[in-house]
Amino acid sequence: MRAKNIAQKTLEEQLRSSVPPLRTADQARVNRACARLAAAPSLPPLRNPATFARPLLRVAACFAVFLGVALLVHFRSQPQATFALPSLTFNDIPFVANAQSMENSLVSEANDLALDLTDLSDVLNKHTLAILF
Amino acid sequence: MDLSEKNDAGLRLAMQAVAAGDADAFRVIAEALEPRLARFFAQLGVTEADRDDLYQESCLRLYRAAGSYDPSRPFLPWALTVARRVMLNWHRALKATVPLDEAEHVASPQRAPSAAAEADVWAFAKSRLPAGAYELLWLRYGEDLEPAEIAAVTGRTSVHVRVLLHRARAALAGELEKADRETR
């Protein structure tokens with residue numbers, strides 16, 4: 001193992017010491033490269049795409065949150081279906097207090113309901129018989 | 001100007017200036033890179049006729065990517081990453097144009113005389129090792145990059161690079177031993 005490590009170190013030193021040395025810069029090549037850059041003035045340094053992505057993501061996230069909140073508020077603010085209560089005034093108290101009037105109204109409603117239930121039973125019976133036969 | 005650690009800081013500043021809009025600042029970078037890339041391309045098989053084109057293309061890409069360069073990171077590994085991609089594109093384009101009956105000759109390495117092995121270990125390694133293994137050895141011992149930097153340049157993990165380097169060294173050591181036996 002030790003011999004292997006020494007052999008590896010020897011090889012590494014051999015590789016490092018044999019690296020061809022760097023020459024001085026070829027100015028003609030450098031000038032050509034710089035001229036090529038200058039010849040393309042419409043190619044400015046590209047911005048890092050990530051610099052646009054983050055702000056865009058933030059805007060999108062804010063928009064999504066805002067939309068969610070707006071929808072939530074919209075659905076909650078919709079009035080629930082309620083029956084319209086008559087607007088009672090002080091002068092209506094005698095009418096309200098009139099028990100007979102109340103009874104008549106209730107009886108009328110009850111009759112309507114009974115009729116509806118009868119109709120419904122009739123329809124159900126017809127369908128049931130139709131299934132059986 | 002070479003690309004030693006002391007000068008790396010200067011080149012980072014130059015790239016920051018380029019990113020800020022000072023196009024003239026790129027000349028400093030171009031001068032520092034020219035001998036380095038010339039040697040890099042030569043070692044990795046680029047013909048002399050094409051080295052100038054690849055150097056210009058690398059400079060163009062570095063210039064355009066100035067905005068994405070992170071000045072807190074060393075300059076050379078980043079520059080070599082860009083240059084390597086340019087070189088790989090050149091290799092791909094070259095292989096596509098080689099006629100089929102010549103392809104085998106292009107693929108098979110030429111065996112250098114074993115007597116020259118010690119004199120020029122790099123030429124020997126180039127003739128005996130696969131291109132990928134040679135490239136890793138060059139990046140490590142020629143360009144003096146750390147395995148983590150080589151990983152960034154080649155798009156691998158640091159662990160993978162260490163394993164491949166170990167194999168490359170072992171393969172080279174084996175070839176040197178074989179060459180030594182052949183000369184006896």
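Lettering of chains follows the sequences in order, A, B, ..., and the numbering in each one begins at 1. Everything numeric here is computed off the predicted structure, so don't read it as measured data. Just so it is clear, the values below take in all heavy atoms, side chains as well, and ignore hydrogens, waters and symmetry mates.
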Query - Heavy-atom side-chain contact between A:Leu11 and B:Leu176 under 4.5 Å - result: yes

Query raised in the report: What part of B:Arg169 is in contact with chain A, defined as an atom under 4.5 angstrom from a non-hydrogen atom: side chain, backbone, both or neither?
Result: both

When the side chains of residues 13-29 of chain B are checked against the rest of the protein, which donor-acceptor pairs come out under 3.5 Å, sequence neighbours left out?
unit_1, atom_1, unit_2, atom_2, d
B:Asp22, OD1, B:Asp24, N, 3.3
B:Arg27, NH1, A:Asn31, OD1, 3.0
B:Arg27, NH2, A:Asn31, OD1, 2.8

Report summary line: Here the gap from B:Phe124 atom CZ to A:Ser18 atom OG, rounded to the nearest 0.5 Å, amounts to 12.5 Å

Report task. Please name the pair of heavy atoms, one in A:Arg29 and one in B:Glu48, separated by the smallest distance, quoted to 0.1 Å. Result -> NH2-O, 4.3 Å

Report task. Name the region of B:Glu57, side chain, backbone, both or neither, that has any atom closer than 4.5 Å to a heavy atom of chain A. Result -> both

**Report entry** Non-hydrogen atoms of A:Arg23 and B:Ala38 that approach each other most closely
**Finding:** NH2-CB, 3.2 Å

Report summary line: For A:Pro20 and B:Gln43 the tightest heavy-atom approach is CG-NE2, 3.5 Å

Query raised in the report: Taking only residues two or more places apart in sequence, or in another chain, which ones meet B:Phe40 in a ring pair (Phe, Tyr, Trp, His ring centres under 6.0 Å)?
Result: none

Requested in this report: Anything in residues 145-161 of chain B with a heavy-atom distance to chain A below 4.5 Å? Please list those residues in order.
Outcome: none

Query raised in the report: Could you walk me through whether A:Asp26 and B:Tyr55 pass the side chain to side chain contact (heavy atoms under 4.5 Å, CB included) check?
Result: CA-CA 11 Å; A:Asp26 182 335; B:Tyr55 164 68; over 6 Å; no

Query raised in the report: Closest heavy-atom contact between B:Gly142 and A:Val19?
Result: CA-CG2, 3.7 Å

Query raised in the report: Can you say whether A:Ser17 sits under 4.5 Å from chain B via the side chain, the backbone, both, or neither, judging by heavy atoms?
Result: neither

Query raised in the report: Are side-chain heavy atoms of B:Arg140 and A:Glu12 found at a separation under 4.5 Å?
Result: no

Report all side-chain donor-acceptor pairs from residues 77-89 of chain B shorter than 3.5 Å, counting only partners two or more places apart or in another chain.
unit_1, atom_1, unit_2, atom_2, d
B:Thr81, OG1, B:Pro77, O, 2.7
B:Arg84, NE, B:Glu135, OE2, 2.5
B:Arg84, NH2, B:Glu135, OE1, 3.4
B:Asn89, OD1, B:Arg92, NH1, 2.8
B:Asn89, ND2, B:Arg85, O, 3.4

Query raised in the report: Do you know the tightest heavy-atom contact between B:Trp122 and A:Leu15?
Result: NE1-O, 2.9 Å

Query raised in the report: Between B:Glu34 (side chain) and A:Ala25 (backbone), is there a donor-acceptor pair under 3.5 Å?
Result: no

